[in-house]
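Contents: one structure, followed by commentary.
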Amino acid sequence: MNDTPRPHPDDAHADGARPAGGSLRVRMARDKMHARLLVVAGVFCVLFGAVSVKLSVATIIMPLAPQQHQIAPQVPPIPKSDPKGMVANDIVLPQVHRASIVDRNGQALAISLPVAQVYANPQEMIDPQDATHKLKRVLPGLDEAETLRRLSSARQFVYVARDISPAQELAINNLGIPGIYFEPGERRRYPMGRVAAQIMGGVDIDDHGVAGVERYFDKRLDSNRAPLTLSLDVRVQNVVHDELQSAMDTFQAIGACAIVMDVRNGEIIAMVSLPDYDANDFGHAPADARFNRAVTGMYEPGSTFKLQTTAMALQDGVAHIWDRFSSVPIKIGRFTISDMKSDHFDTWLSLPEVMAYSSNPAAAHIALDAGAARQQEWLRNMGFFSRVPIELPEAGRPIVPSTHNWGISTVMTVAFGHGVAEPPLAIVRGTAATANGGFLLKPTLLLHDQDRTPGGSPAPDASDAAAPVPGAERLISAANSTILRKILRLDVAGGTGKSAESPGYFVGGKTGTAEKIGAHGGYLKHVNVSAFTGIFPMNAPRYAVYVMLDSPKATPQTHGWTTAAWNAAPTASHIITRIAPMMGLFPDTTHQQAIESSLFIPMRPAVPHGYRALGPGNDPGTAHMQQAEGRHHGSRHGTEEMTSDEGQAGRMHAARDEREDALPLTNRPKRG
């Protein structure tokens with residue numbers, strides 16, 4: 001057997017060489033494989049190159065803004081610049097459900113900003129200590145020890161931080177900490193700070209209104225994202241705040257308030273109460289600062305109420321402008337009603353003189369002529385017995401004697417603003433009704449659609465028969481309203497309100513000063529509430545202005561006086577001079593003589609032929625007073641009891657003479 005191996009056909013020939021055909025096939029296969037590898041490598045190079053270029057463009061050359069889904073659904077888009085305020089009236093942020101509040105010009109007063117609450121699931125935490133350290137870098141105010149304790153607990157839900165900004169949320173999200181989550185929310189902010197703080201009120205931690213318009217319109221603000229437009233003008237509000245703060249500081253008053261209202265439609269243009277607070281710090285503001293003196297505070301109106309006594313007498317036909325009333329001090333029991341100083345007027349005053357010289361006994365005689373029933377009905381119809389209808393939950397109810405105890409002393413003291421306590425807005429409302437043609441308006445903080453500009457069209461004459469706003473009730477005739485406007489103008493032109501004059505604006509108004517009641521009852525000597533209520537311009541009434549100072553002190557410039565003629569009235573003058581141009585009204589000096597002539601009323605009007613004027617020997621109120629004195633003297637309690645039907649409030653309010661409206665010493669009219 002031959003064991004020699006046989007050569008393979010493809011083996012080399014005897015001389016050791018391979019066949020030529022086999023070697024060529026191997027080389028071709030190898031080259032083909034190399035080509036395929038080159039193609040694949042080229043494709044990968046192109047793909048990686050494209051990806052590299054795309055990444056370079058997206059991250060370096062033209063970086064893209066983060067997509068909404070990459071951060072959190074509550075993060076708003078980047079706001080666009082609006083230097084001209086073209087969208088000021090449409091402040092609506094995405095992912096914010098509570099509507100903003102703006103003034104009549106679109107200035108934001110309250111706005112909700114998107115925030116987030118950071119919470120964690122400690123069960124998903126890998127390294128609580130490292131997570132806490134990273135969170136501290138983004139949230140410097142974070143309590144690191146407390147946060148570490150929470151993240152190390154066995155619970156499944158813990159809060160880490162509340163109300164963080166979108167930027168902080170994005171920074172925390174980029175940390176990539178497992179177990180950290182975000183909950184969308186919003187935070188209420190007040191860009192104007194102290195401006196109208198008591199009107200704005202505030203919200204709680206759940207963004208529900210707890211005071212002011214935030215509370216009154218809570219459902220509307222949560223259900224309708226359109227901005228709520230108020231009647232306020234922040235420009236006017238700022239000026240009023242500035243002047244009122246200056247007066248409060250000058251006279252060292254413990255509080256003050258001021259109101260500007262449109263007498264045509266009841267819109268509140270400005271309402272300031274001092275002291276105030278930053279609306280963004282509502283939760284930490286002291287109670288005295290949150291107290292809105294314009295609607296919650298109850299003050300004796302003093303002689304500003306004589307305007308209502310005069311209006312009642314004219315409208316009910318009890319008195320005419322030529323009738324005269326005694327200014328002799330009235331003694332009833334152990335109490336006396338008198339004027340502080342009476343050497344500048346006669347003992348019998350006409351109706352215009354009663355207002356101009358602000359005589360308490362004369363006002364009491366007018367009220368006695370009207371009687372208790374008429375007086376109560378008038379005050380009730382004018383809204384002085386009920387809460388002022390305004391969109392503020394804090395609006396208080398006035399303090400008035402019981403109608404069952406409305407005796408003759410109450411009739412007299414209420415006539416000159418003692419014995420009742422009213423919020424300042426009620427006085428403004430009543431003043432507007434006497435000058436706007438006799439219409440009692442409903443004050444409002446909402447802007448009327450038909451008048452969206454601060455200037456608006458010229459005001460119609462107050463004698464126009466049409467109501468200024470639909471539904472307004474006319475309580476005073478146009479003719480009597482015209483007379484009252486002239487009397488109010490007379491009080492500023494030649495009476496106690498001289499210091500309220502603002503040249504070219506034909507201001508009319510009435511001063512009022514009342515002694516304060518102490519905590520234990522009884523009046524505080526030389527501690528006053530001084531006020532001025534007025535209208536301008538009187539030839540075409542447009543705006544009511546009210547200023548009140550609580551417990552002002554005398555200064556060298558006031559020569560020891562703390563009455564309204566020395567502090568509240570000049571403050572009103574400063575306010576009118578500054579705010580009128582803002583509201584489209586400018587001083588009219590060209591037609592001054594003609595306007596003054598149209599507003600003129602003599603201090604002592606002549607008695608028309610055929611009339612017998614009230615006066616000496618013809619005074620119905622004297623008989624009423626004598627009857628009361630007879631009842632008093634017949635009482636078994638003697639001088640300790642005023643009248644059998646008089647309550648404690650009436651006795652207290654008659655106990656003091658009103659320290660009222662002393663004219664500046666240099667401006668007192670001479671006798672004769």
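Throughout, residue positions are numbered sequentially from 1 according to the sequence presented. Owing to the predicted nature of the structure, the values given are computational and were not obtained by experimental measurement.
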>> Set out, in order, the CA-CA distance, both residues' side-chain angles and the distance that settles side-chain contact (heavy atoms from CB on, under 4.5 Å) for Phe506 and Val492, then state yes or no.
In response: CA-CA 9 Å; Phe506 310 102; Val492 172; over 6 Å; no
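- Using cut-offs of 30° and 60° for the angle between ring planes, the Trp566 and His559 rings count as perpendicular.
- In this structure, Glu267 and Ser231 approach most closely via the heavy-atom pair CB-CB, 3.8 Å.
- Asp369 places no side-chain N or O within donor-acceptor distance of the main-chain N or O of Val318, the cut-off being under 3.5 Å.
- Looking at Val507 and Ser573, their side chains never come closer than 4.5 Å, going by heavy atoms from C-beta outward.
- Side-chain contact between Val295 and Met271 is present, with heavy atoms from C-beta onward closer than 4.5 Å.
- Pairing each heavy atom of Leu441 with each of Val263, the nearest pair is CD1-O, 3.0 Å.
- Contact annotation: the side chain of Ile399 never approaches that of Val420 to less than 4.5 Å [non-hydrogen atoms, C-beta and beyond].
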>> Let's go through Ile487 and Leu307 carefully: what are the C-alpha distance in whole Å and the side-chain angles of both, what is the deciding distance for side-chain contact (heavy atoms from CB on, under 4.5 Å) to 0.1 Å, and is it a yes or a no?
In response: CA-CA 9 Å; Ile487 291 177; Leu307 175 59; over 6 Å; no
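- A donor-acceptor pair shorter than 3.5 Å can be found between the side chains of Ser502 and Thr577.
- Side-chain contact between Gln592 and Glu596: present, with at least one pair of heavy atoms (C-beta onward) separated by less than 4.5 Å.
- One side chain, Thr336 or Lys331, offers a donor N or O that lies under 3.5 Å from an acceptor on the other.
- The environment of Glu377 atom CD is sparse: at most 12 non-hydrogen atoms of other residues, nucleotides or ligands sit within 6.0 angstrom.
- The backbone N or O of Tyr357 sits nowhere less than 3.5 Å from a side-chain atom of Thr496 that would complete a donor-acceptor pair.
- A donor-acceptor pair under 3.5 Å is formed between the side chain of Arg485 and the backbone N or O of Met538.
- Nearest heavy atoms, Asp262 versus Tyr543: CA-CD2, 3.8 Å.
- With 3.5 Å as the limit, one finds no donor-acceptor pair spanning the side chains of Thr513 and Ser530.
- Ile321 and Ile483 make their closest contact through CG2-CG2, 3.6 Å (heavy atoms, listed as atom of the first residue, atom of the second, distance).
- A side-chain N or O of Thr533 and one of Thr431 form a donor-acceptor pair less than 3.5 Å apart.
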>> Could you go through Arg264 and Arg542, starting from their C-alpha distance and side-chain angles, then the distance that decides it, and tell me whether this counts as side-chain contact (heavy atoms from CB on, under 4.5 Å)?
In response: CA-CA 7 Å; Arg264 303 168 304 166; Arg542 187 65 180 276; 3.0 Å; yes
> Hey, mind stepping through Leu314 and Leu351 against side-chain contact (heavy atoms from CB on, under 4.5 Å) and telling me if it holds?
Replying inline: CA-CA 10 Å; Leu314 285 173; Leu351 200 60; 3.7 Å; yes
Listing, residues 611-619 side-chain donor-acceptor contacts under 3.5 Å, not counting sequence neighbours, or none:
unit_1 : atom_1 : unit_2 : atom_2 : d
Asn618 : ND2    : Ala613 : O      : 3.3
Asp619 : OD1    : Gly621 : N      : 3.2
Asp619 : OD2    : His365 : ND1    : 3.1
Asp619 : OD2    : Thr622 : OG1    : 2.9

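- Neither side chain, Lys306 nor Thr309, offers a donor N or O lying under 3.5 Å from an acceptor on the other.
- Residues Phe384 and Pro398 form no side-chain contact, since every pair of their non-hydrogen atoms from C-beta on lies 4.5 Å or further apart.
- Across every non-hydrogen atom of Pro361 and Ser338, the tightest pair is CG-CA, 3.8 Å.
- Taking 4.5 Å as the limit, some side-chain heavy atom of Ile517 sits within range of a side-chain heavy atom of Glu300.
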Please tabulate, for side-chain N and O atoms in residues 545-554, each donor-acceptor pair with protein atoms closer than 3.5 Å (sequence neighbours left out).
unit_1 : atom_1 : unit_2 : atom_2 : d
Asp550 : OD1    : Lys516 : NZ     : 2.9
Ser551 : OG     : Lys516 : NZ     : 3.4

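- Under a 3.5 Å cut-off, the side chain of Ser481 and the backbone N or O of Ser477 do not form any donor-acceptor pair.
- Side-chain atoms of Ser273 come within 3.5 Å of backbone N or O of Phe291 as a donor-acceptor pair.
- The pair Arg604-Asp346 meets the salt-bridge criterion, with a side-chain N (NZ, NE, NH1 or NH2) lying under 4.0 Å from an Asp/Glu carboxylate O.
- Between Met603 and Leu490 the shortest side-chain heavy-atom distance falls below 4.5 Å.
- No donor-acceptor pair under 3.5 Å is formed between the side chain of Thr511 and the backbone N or O of Phe532.
- Distance alone, capped at 3.5 Å, places no donor-acceptor pair between the Arg374 side chain and the Asp316 backbone.
- A tilted orientation is assigned to the rings of His418 and Phe416, their planes being inclined by 30° to 60°.
- Summarising the geometry of Ala367 relative to Ala415, their closest heavy-atom pair is CB-CB, 3.4 Å, with the distance given to 0.1 Å.
- Of the possible donor and acceptor atoms, one in the side chain of Asn567 sits under 3.5 Å from a partner among the backbone N and O of Thr562.
- In this structure, a donor-acceptor pair under 3.5 Å is present between the side chains of Asn480 and Gln315.
- In this model, a donor atom of one side chain and an acceptor atom of the other lie less than 3.5 Å apart for Ser350 and Glu353.
- Using modelled atom types and a 3.5 Å distance limit, the side chains of Trp406 and Gln375 yield a donor-acceptor pair.
- Taking NZ from Lys510 and CD1 from Ile535, the interatomic distance works out to 14.5 Å, rounded to the nearest 0.5 Å.
- Residues Ile366 and Asp323 have side chains not in contact (no heavy-atom distance under 4.5 Å, counting atoms from C-beta outward).
- Using a 4.0 Å cut-off between charged side-chain N and carboxylate O, Arg387 and Glu394 make no salt bridge.
- A side-chain donor-acceptor contact under 3.5 Å links Glu391 to the backbone of Leu445.
- Salt bridge Lys486/Asp491: absent, no basic N to carboxylate O contact under 4.0 Å.
- In this structure, the side chain of Thr296 does not engage the main chain of Arg293 through any donor-acceptor pair within 3.5 Å.
- Applying the side-chain hydrogen bond (donor to acceptor under 3.5 Å, both in side chains) test to Thr434 and every residue at least two apart in sequence or in another chain returns nothing.
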